[in-house]
Every structure is written in C-alpha cells, then in structure tokens.
Amino acid sequence: MTASTDLHHHRQQFPSLQQGHYFNFGGQGPMAEVALNAISTAHDKFQKLGPFSGRVNAWIGEQMAAVRGAIAAELQVAPDTITLTDSVTTGCNIPLWGINWQAGDHILLSDCEHPGIIATVQELQHRFGITYSTCPLRETLNGGDPVAVVKNALQTETRLLVVSHILWNTGQVLPLRQMVEVCHSRSAQVLVDAAQSVGVLPLNLAELGADFYAFTGHKWLCGPAGLGGLYVHPADAGSIRPTFIGWRGVTKDAAGNPTGYLSDGRRFEIATSDYALYPGLREAIALQNSWGSADDRYRRICERSAYLWQGLQSIPRVRCLRGAPPESGLVSFVIEPQEMPHNQVVAELEQQHIMVRKILDPDCIRACTHYMTTKAEVDVLVTTLGQILA
C-alpha cells in the first residue's frame with residue numbers, strides 16, 4: 001500500500017472528512033467511527049449491566065487506567081502525573097486556583113493567551129489582590145527572541161508564567177524548554193496551555209520541565225469533546241491544593257470518611273464523569289498511532305501547512321501572518337484590503353463545504369492542516385478563496 005492509498009484508507013474512517021474539506025482541527029477534530037463506536041458500546045454496556053453496579057464500577061476503573069496510560073504514553077510521562085479533566089480550561093484552572101496566592105504576587109501572561117485564561121487571572125486579581133501583566137510574544141512571530149521577551153518581563157514578584165506552547169491565533173511554536181529554564185532560575189513556575197500542541201508536536205514533558213501542562217483530547221487527537229487532562233510535574237505535586245473536591249480525589253478511612261487527598265494526579269479529580277468518553281479517546285489515540293509515530297504525524301502536519309502557506313502566496317490579496325512556512329498546523333492569514341469582512345469570507349467558504357474560522361485578535365482567518373489533510377483539499381481551499389476574492 002502506497003502512502004497516498006494508506007492515507008485515503010485512514011481518512012475513510014472519519015465520517016466528517018467525507019462531507020467536506022475540514023480545516024478546523026484547532027477548534028475540534030472529527031472523530032473516527034472506531035471512537036464513536038467505542039463510546040456507543042460503553043453506553044450500551046452501562047445500561048445492560050446497570051449504570052451503577054459492581055461490574056460496571058470495576059469496568060470504569062479499568063477504562064480510567066487505560067486512558068490515563070494512553071495519554072501518559074503520548075506525553076512520555078508516568079500515568080500517575082495525569083489528572084483527567086473535561087477541558088483545557090479546567091486543567092488550567094486547577095493550578096491557577098490551587099496556588100496559595102498572596103497579595104502582591106504577580107502572574108505573567110503572553111499577549112496571545114485565550115480569553116478564558118485571561119478572565120480567570122482577572123478574577124484572581126479581584127479576589128486575592130495579585131497583579132498581572134502581558135509580554136509581547138506576538139511581535140516575535142517573524143523575528144526576535146521569545147525567551148528574551150519573557151526574561152525581560154519577569155518581575156521580582158512573578159510566581160507564575162502562563163503561556164501556550166503553540167499560540168492559538170498565530171500558530172507560533174514557542175521555545176518552551178528555554179522559557180521554563182529562565183522562569184525556574186527566577187523561582188517562577190510555568191503553566192502551559194497545550195490546547196494546540198498535544199496531538200501536533202512530538203512531546204516529552206519530562207524533558208520540557210513545565211510545572212503544569214493542560215490539554216484536551218478533542219482537537220488534534222480527534223477524540224470526544226468533554227475529556228482532557230492536566231500534567232503536573234512530580235516536583236510540583238505539593239505546590240498546589242485542590243479547589244474543587246470530590247470523592248474521586250480523597251483518601252478515606254474504614255468508615256468511608258475523607259482523611260486527605262490521593263498522592264497522584266487523581267487528587268484533582270472530582271466526581272462522576274461521562275466515563276463512556278474514556279474508551280473513545282483511547283481508541284482515537286490508538287488509531288492515530290496506527291497510522292504513524294508522533295514524529296511521522298508532525299512531519300506530515302508541517303508539510304501540509306507549508307503547502308497551504310505556499311498556495312496562499314499565489315492570491316494577491318492574501319497575506320499570511322507568518323512570513324515563512326509554519327512549524328505547526330495553524331496557518332493564519334488576512335485579506336488586504338479587507339473589502340469583505342473575514343467572517344463573511346469564512347461563511348462563503350463554508351457554503352462551499354470548506355471549514356475554516358475567524359480569529360478576533362488579531363483579526364484574521366485561521367486554517368488548520370492535520371496529517372490527514374490532503375494536497376487536493378488544500379488546492380480546493382486556495383482555488384475557492386481566490387475565486388471569492390477575485
């Protein structure tokens with residue numbers, strides 16, 4: 001089987017990819033039939049055995065351990081460092097609220113963080129009297145030293161840097177390990193929004209050294225919405241305390257009374273979840289690994305984004321934000337002059353079954369290439385966009 005036929009066979013397992021040209025993996029990835037079937041089978045099992053029974057509870061425990069192990073293998077860390085969550089936002093909120101803030105403490109953000117993170121930090125400021133500021137990483141998209149920008153922005157009172165590994169609006173891949181080293185040298189911890197990096201970059205979190213790394217399974221991993229995770233570096237396990245507390249995260253005495261918290265990642269888990277999602281994500285991860293390694297997938301993602309970037313250069317009114325082919329699957333571009341608003345361009349493309357999205361800040365259009373994206377799909381996007389703007 002050639003590489004092209006192999007990819008064709010692989011794509012056939014994703015119903016959404018048969019309906020149009022999908023470039024919104026950074027928002028939500030489509031699920032394969034094997035993942036959908038795993039979820040359906042799990043729900044069926046619950047109802048046939050009794051949704052709360054000894055057999056089902058034992059099966060849930062097995063599924064939790066299996067998906068935790070699958071995630072840990074992708075990130076090259078120990079399973080006990082993984083907390084299962086429902087989203088990136090929840091994963092980021094755990095350390096943000098778990099740190100023992102004191103009035104005057106400082107949080108440093110990049111100027112490309114997601115609104116949900118910014119809003120949380122603003123509420124921390126309101127409640128605890130902390131301060132926060134942003135550092136201009138966006139200006140380093142086409143030159144400059146992001147590490148130096150972070151270093152210059154750190155303050156004596158800085159306790160935490162919050163930064164994305166891949167910036168969600170521009171697609172820039174940041175030199176995370178070097179940033180972590182700079183922050184740790186100044187006694188500041190690092191929380192990473194990994195919404196756009198898990199499923200894209202080959203990762204070894206132990207080597208990167210970040211204190212907290214929050215991610216989701218429903219974007220580039222093409223798993224179900226509602227299931228993500230948080231990695232906490234072993235050295236930081238005692239530096240934060242649970243904010244939301246439930247039976248899944250506590251230790252108990254013989255009478256069932258809570259006595260403390262579990263020592264591993266489960267201490268931040270709360271209560272009942274949609275457990276049927278666990279086999280769905282595990283199957284999604286397994287399917288991607290059956291196509292190729294993390295390095296193989298990343299190489300194909302970059303090949304496809306470079307092909308799209310090059311194609312967009314042929315449209316006179318289109319300017320890509322990045323002046324060189326991206327190092328991720330996110331390709332952001334603007335229409336100049338903007339005689340047609342970006343949201344209208346997005347809507348017209350969708351009418352022709354081409355899915356991209358508008359980004360508010362900076363005002364641009366973002367298209368995402370996955371390892372499953374074909375050159376033919378990219379050609380359709382480029383040709384159709386050129387026709388719309390003609």
Side-chain angles (χ1 to χ4, degrees), residues 11 14-30 111-116 118 137-142 164 166-173 195-196 199-200 218-220 222 225 300-390:
R11 284 171 53 92
F14 292 81
S16 293
L17 299 185
Q18 316 312 312
Q19 308 303 316
H21 307 292
Y22 195 78
F23 294 93
N24 272 334
F25 294 90
Q28 183 163 342
D111 59 351
C112 289
E113 296 313 307
H114 195 274
I118 298 171
L137 289 183
R138 186 184 302 175
E139 68 183 22
T140 68
L141 177 62
N142 292 308
S164 297
I166 297 178
L167 300 182
W168 74 290
N169 46 11
T170 69
Q172 182 180 3
V173 181
Q196 302 299 335
V200 175
H218 80 281
K219 295 181 183 288
W220 296 90
C222 296
R300 180 66 70 93
I301 287 171
C302 290
E303 287 174 357
R304 294 299 186 252
S305 64
Y307 187 70
L308 173 57
W309 182 89
Q310 291 164 356
L312 292 171
Q313 310 306 306
S314 67
I315 307 176
R317 291 176 54 196
V318 171
R319 177 178 62 83
C320 292
L321 296 189
R322 184 171 170 85
E327 297 175 337
S328 70
L330 304 178
V331 183
S332 296
F333 58 92
V334 297
I335 310 300
E336 296 177 333
Q338 198 178 131
E339 298 170 355
M340 181 184 298
H342 286 141
N343 61 333
Q344 184 178 340
V345 175
V346 170
E348 293 206 15
L349 286 169
E350 186 162 343
Q351 287 179 1
Q352 301 190 51
H353 310 291
I354 301 169
M355 274 66 78
V356 296
R357 69 162 291 182
K358 171 183 165 60
I359 299 291
L360 291 175
D361 186 22
D363 182 5
C364 64
I365 297 172
R366 189 187 75 183
C368 304
T369 60
H370 201 266
Y371 74 85
M372 293 185 290
T373 304
T374 67
K375 286 187 175 180
E377 284 186 296
V378 173
D379 291 339
V380 170
L381 169 56
V382 171
T383 299
T384 307
L385 180 61
Q387 293 170 347
I388 291 173
L389 298 178

Is [Y] close to [X] at the side-chain level, that is, under 4.5 Å between some pair of heavy atoms?
X      : Y      : result
Ser16  : Tyr22  : no
Leu308 : Ser305 : no
Leu349 : Met355 : no
Val318 : Ile335 : yes
Asn169 : Pro362 : yes
Arg11  : Thr374 : yes
Lys358 : Asp363 : yes
Leu385 : Phe333 : yes

Is the side chain of [X] donor-acceptor paired with the backbone N or O of [Y] at a distance under 3.5 Å, no angle test?
X      : Y      : result
Arg304 : Thr369 : no
Glu350 : Arg357 : no
Trp220 : Gly329 : no
Lys219 : Gln28  : no
Arg138 : Cys112 : no
Arg300 : His370 : no
Gln196 : Gly171 : no

Considering all heavy atoms, the nearest [X]-[Y] contact:
X      : Y      : answer
Gly20  : Glu377 : O-OE2, 3.8 Å
Val382 : Gly311 : CG1-O, 3.5 Å
Trp309 : Gly323 : CZ2-O, 3.3 Å
Gly26  : Cys368 : N-SG, 3.4 Å
Leu321 : Cys364 : CD1-SG, 4.1 Å

Using 30° and 60° as the class limits, which term best fits the ring planes of His114 and Trp168: parallel, tilted or perpendicular? tilted
At what distance, to the nearest 0.5 angstrom, does [atom1] of [X] lie from [atom2] of [Y]?
X      : Y      : atom1 : atom2 : answer
Asn24  : Arg366 : CG    : CZ    : 7.0 Å
Asp379 : Thr384 : CG    : OG1   : 10.0 Å
Glu348 : Ile388 : CD    : CD1   : 5.0 Å
Met372 : Phe14  : CE    : CZ    : 3.5 Å
Leu17  : Cys222 : CG    : SG    : 7.5 Å
Gln338 : Gln344 : CD    : CD    : 10.0 Å

Pick one: which of Val173, Leu330, Ile301 meets side chain to side chain contact (heavy atoms under 4.5 Å, CB included) with Val200? Ile301
Checking side chain to side chain contact (heavy atoms under 4.5 Å, CB included) for the pair His342/Val334: CA distance, chi angles, key distance, verdict? CA-CA 8 Å; His342 286 141; Val334 297; 4.0 Å; yes
Is there a side chain to side chain contact (heavy atoms under 4.5 Å, CB included) between Ser164 and Glu113 once you walk through the steps? CA-CA 7 Å; Ser164 297; Glu113 296 313 307; 2.8 Å; yes
Would you tell me whether Thr140 and Gln172 have side-chain atoms, one donor and one acceptor, within less than 3.5 Å of each other? yes
